[in-house]
Amino acid sequence: MWDIDFNRLRDVFVYDPQAPMIFSSGIFLWLFAAFILVYLLLQRRLTARLLFVTAFSYYFYYKSSGTYFFLLALVTASDFFIARFMAGTSVGWKRKASVVLSLAINLGLLAYFKYTNFLGDVFASLLGGTFHHYDIFLPVGISFFTFQSLSYTIDVYRKDITPLTNLLDYAFYVSFFPQLVAGPIVRARDFIPQIRRPLFVSHEMFGRGIFLIASGLFKKAIISDYISVNFVERIFDNPTLYSGVENLMGVYGYTLQIYCDFSGYSDMAIGIALLLGFRFNINFDSPYQSATITEFWRRWHISLSSWLKDYLYISLGGNRKGKRRTYINLFLTMLLGGLWHGASVRFILWGALHGIALAIHKAVMSAFPSFKKVGSEMSPFRRIVGVLITFHLVCFGWILFRADSMQKVGEMLTQIGTNFHPEVFVQFVTGYKGVFALMIIGYIFHFVPKRAENYLQKWGIKNEQTKEKRFHIRHVKRNRRHDDSSGDYRCGSVFLPDSESDFDQQYICTGDYYRTLCTIACVNGYDDPECGLIADRICNLRERIWGEDGIYEYLAANVSGGI
């Protein structure tokens with residue numbers, strides 16, 4: 001009756017090097033549906049849920065890179081115990097030796113798998129010899145999880161965070177599958193406090209998560225993949241076969257493609273995390289709206305740029321050692337940032353271009369105070385001019401980033417500069433109608449003002465949020481009770497004033513640390529089981545800047561004798 005080919009079924013669940021699993025693949029959608037069912041069943045079993053998600057994350061990485069998931073385990077175990085050792089000693093040289101060991105393990109793995117053949121070519125060319133490439137497989141996401149784990153050990157070394165005592169928590173943090181293979185690079189101080197919070201997904205989180213997953217899929221699977229296969233690849237493979245205007249359209253196409261590829265995957269990662277009850281920081285913030293190169297790097301791949309700033313630029317001295325050293329540090333940071341993207345001279349030149357541009361912009365701002373860091377500080381006319389200049393500088397950099405060789409870079413620039421033929425533009429539009437339409441749609445949505453983008457995200461879930469808030473109020477009133485013997489009100493609700501316009505009024509809980517952002521206020525710190533049960537059900541784990549101390553201070557100033 002059931003004609004099942006078990007060999008083909010087995011092939012679906014084992015690693016296929018020709019089809020590694022990503023968010024936009026069909027197999028992931030089916031696996032994620034099954035994952036969600038088990039995840040919900042384990043909602044109140046914290047340890048079991050952490051184990052299940054960690055195991056699924058390792059399987060996800062296995063489907064992406066095969067047996068190289070052992071590297072993930074190696075990095076996790078080594079950095080966990082290195083951080084524990086650093087926390088247990090106050091001897092300066094031992095702490096330094098520990099963080100150097102962490103750097104050696106993480107950067108050593110990265111150097112071997114990603115840069116062995118590149119460095120061999122460099123040394124061979126310098127010595128006048130030849131180098132035969134090794135057949136080294138590059139595990140997917142190794143650049144991301146090594147940097148993420150490194151940030152943890154460096155933060156522990158700097159005493160910015162307290163190391164974890166539970167290996168499972170750290171394994172969960174490093175391997176959490178939404179951000180594992182393509183970022184964003186999640187900081188321990190942002191993510192670890194969320195691990196053992198009560199699991200809750202509000203209507204706002206669910207609606208925003210679905211929106212981000214859908215928009216990410218549209219950007220990645222429709223815009224990026226379509227214009228890449230049907231136009232961009234053809235231009236970059238043979239730039240001399242096309243006119244200058246077609247080459248320029250190819251550059252504009254790749255500029256949109258790489259943004260939709262990177263930000264689309266990040267959006268899906270952030271959206272999936274929201275559906276699981278976790279929040280990541282935004283990773284791409286309409287970067288082509290930037291009016292300066294400095295602003296661009298505050299909007300483009302924010303988790304990477306902030307990592308480079310905090311752990312490389314500042315470690316080199318930042319801006320603390322004079323202007324000249326500041327410019328050198330900027331250049332070196334971006335040079336190494338380019339090398340992080342790929343083992344090629346082109347990526348180094350791409351990084352150098354951005355490093356020089358950042359240094360020049362910083363020098364100009366120092367010499368001429370009228371030049372600003374970001375477009376919001378400029379007049380409308382100067383902002384428009386700044387956006388055009390910055391956009392085309394970034395486009396020029398993408399030629400270095402995408403072209404197969406420096407010869408292709410030269411050919412493309414030559415075609416644009418000497419063989420432009422603007423009359424061919426009409427032929428391009430008619431010959432590539434689908435590509436042109438998607439490029440127009442992509443750029444329109446990219447340059448939509450932030451207010452409109454926020455409205456689109458909130459549209460469709462605003463009524464649900466209103467219903468949810470009303471439910472909160474009714475539920476709190478039903479469960480509010482007064483203990484006449486003790487004279488204190490155990491549970492109630494309190495409104496916090498907004499510190500950011502994106503957040504509505506919400507409730508809090510002043511019980512243990514993990515309930516301080518929840519919807520129920522347990523006055524006088526009374527850790528009532530009933531309050532915890534209600535909080536588990538209806539708390540809204542929105543990320544805010546308040547922190548535990550700020551919430552207690554607000555309660556002390558505004559709440560007396562119960563609510």
Side-chain angles (χ1 to χ4, degrees), residues 86 92-93 95-104 106-108 110-111 115 118-119 122 126 143 146-148 150-161 185 187 189 287 290-375 377-378 386 389-390 393-394 396-397 400-401:
M86 279 193 288
W93 71 267
R95 291 177 59 84
K96 289 182 179 179
S98 298
V99 77
V100 168
L101 177 60
S102 176
L103 286 165
N106 287 278
L107 298 183
L110 191 59
Y115 302 110
F118 171 70
L119 293 175
V122 171
L126 291 175
S143 299
T146 52
F147 268 34
Q148 181 162 311
L150 260 181
S151 71
Y152 171 78
T153 53
I154 295 173
D155 282 348
V156 171
Y157 172 74
R158 293 175 175 176
K159 299 183 178 180
D160 291 336
I161 61 173
I185 302 171
R187 302 290 185 89
R189 61 174 174 263
S290 304
T292 67
I293 194 65
T294 300
E295 185 180 6
F296 174 79
W297 279 104
R298 293 183 176 187
R299 291 170 172 259
W300 176 270
H301 214 318
I302 299 169
S303 64
L304 173 62
S305 59
S306 62
W307 195 101
L308 293 173
K309 181 192 73 173
D310 292 343
Y311 301 109
L312 186 54
Y313 174 70
I314 291 177
S315 298
L316 290 171
N319 59 0
R320 302 187 303 273
K321 299 184 178 181
K323 292 182 179 180
R324 181 179 298 180
R325 182 63 182 272
T326 298
Y327 304 148
I328 293 173
N329 291 341
L330 279 171
F331 176 77
L332 290 176
T333 298
M334 296 311 301
L335 195 74
L336 294 173
L339 187 61
W340 178 87
H341 280 87
S344 170
V345 173
R346 294 177 293 103
F347 292 107
I348 296 175
L349 293 176
W350 175 82
L353 171 69
H354 281 270
I356 293 170
L358 286 168
I360 291 175
H361 183 235
K362 199 170 189 68
V364 169
M365 287 192 298
S366 177
F368 305 98
S370 62
F371 284 81
K372 307 299 183 182
K373 282 186 178 180
V374 296
E377 300 173 353
M378 303 176 185
I389 293 174
T390 304
L393 174 64
V394 171
F396 174 71
L400 296 170
F401 198 94

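These figures come from a predicted structure and were not determined experimentally.
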*For residues L330 and Y313, determine if any side-chain heavy atom of one lies less than 4.5 Å from a side-chain heavy atom of the other.*
yes
_Between R187 and D155, does any side-chain N to carboxylate O distance fall below 4.0 Å?_
no
*Given K321 and L316, is the side-chain contact (heavy atoms from CB on, under 4.5 Å) satisfied, shown in steps?*
CA-CA 10 Å; K321 299 184 178 181; L316 290 171; over 6 Å; no
_Candidate pair L107 and T146, rule side-chain contact (heavy atoms from CB on, under 4.5 Å), full reasoning_ = CA-CA 7 Å; L107 298 183; T146 52; over 6 Å; no
*So, does W307 use its side chain to make a donor-acceptor pair with the main chain of I185 at under 3.5 Å?*
no
*Within a strict 4.5 Å, meaning less than it, do heavy atoms of the Y311 and T333 side chains meet?*
no
_Rounded to the nearest 0.5 Å, what separates atom CZ in F347 from atom CG in L400?_
10.0 Å
*Describe, in one word, how the ring planes of F118 and Y115 are oriented to each other, choosing from parallel (under 30°), tilted (30 to 60°) and perpendicular (over 60°).*
perpendicular
*Find out whether L110 and N106 are in side-chain contact, i.e. whether some heavy atom of one side chain is under 4.5 Å from a heavy atom of the other.*
no
*Y157 and R95: which non-hydrogen atoms are nearest, and at how many Å?*
O-NH2, 2.7 Å
*List the atom of E295, the atom of G375, and the distance in Å for their closest heavy-atom pair.*
OE1-N, 2.9 Å
*asked:* Between R298 and S305 (side chain of the first, backbone of the second, donor and acceptor by atom type, cut-off under 3.5 Å), is there such a pair?
replied: no
_For T294 and V374: C-alpha separation, side-chain torsions, deciding distance, then whether side-chain contact (heavy atoms from CB on, under 4.5 Å) applies._
CA-CA 7 Å; T294 300; V374 296; over 6 Å; no
*Can you tell me how far OG of S315 sits from NZ of K309, rounded to the nearest 0.5 angstrom?*
12.5 Å
Show which side-chain atoms of residues 334-345 pair as donor or acceptor with protein atoms under 3.5 Å away, not counting sequence neighbours.
residue	atom	partner	partner atom	Å
W340	NE1	S143	O	3.4
H341	ND1	G337	O	2.9
S344	OG	R346	N	3.2

*L353 side chain reached by L393 side chain, heavy atoms, under 4.5 Å*: yes
_Tell me the closest heavy-atom pair linking G318 and N329, and the distance in Å._
O-ND2, 2.9 Å
*What distance do S290 atom OG and K373 atom NZ have between them, rounded to the nearest 0.5 Å?*
14.0 Å
*Considering non-hydrogen atoms only, spot the tightest contact between M365 and F371 and give its length.*
CG-O, 3.5 Å
*Under 3.5 Å, side chain of H361 to main-chain N/O of K372, donor-acceptor pair present?*
yes
*Going from OG on S303 to CG on L308, what distance comes out if it is rounded to the nearest 0.5 angstrom?*
9.5 Å
_Applying side-chain contact (heavy atoms from CB on, under 4.5 Å) to I356 and F331, what does each step give before you reach the verdict?_
CA-CA 6 Å; I356 293 170; F331 176 77; 3.8 Å; yes
*Go through the side-chain N and O atoms of K323 and S366 and say whether any donor and acceptor fall under 3.5 Å apart.*
yes
*Atom CE in M86, atom CD1 in I154: separation rounded to 0.5 Å?*
9.0 Å
*Over all heavy atoms of both residues, which pair between P287 and R299 is shortest? Give the atoms and the distance, please.*
CA-CB, 3.6 Å
_Minimum heavy-atom distance T153-V99, with the two atoms named_ = O-CG2, 4.3 Å
*From CZ (R158) to OG (S151), nearest 0.5 Å*: 10.0 Å
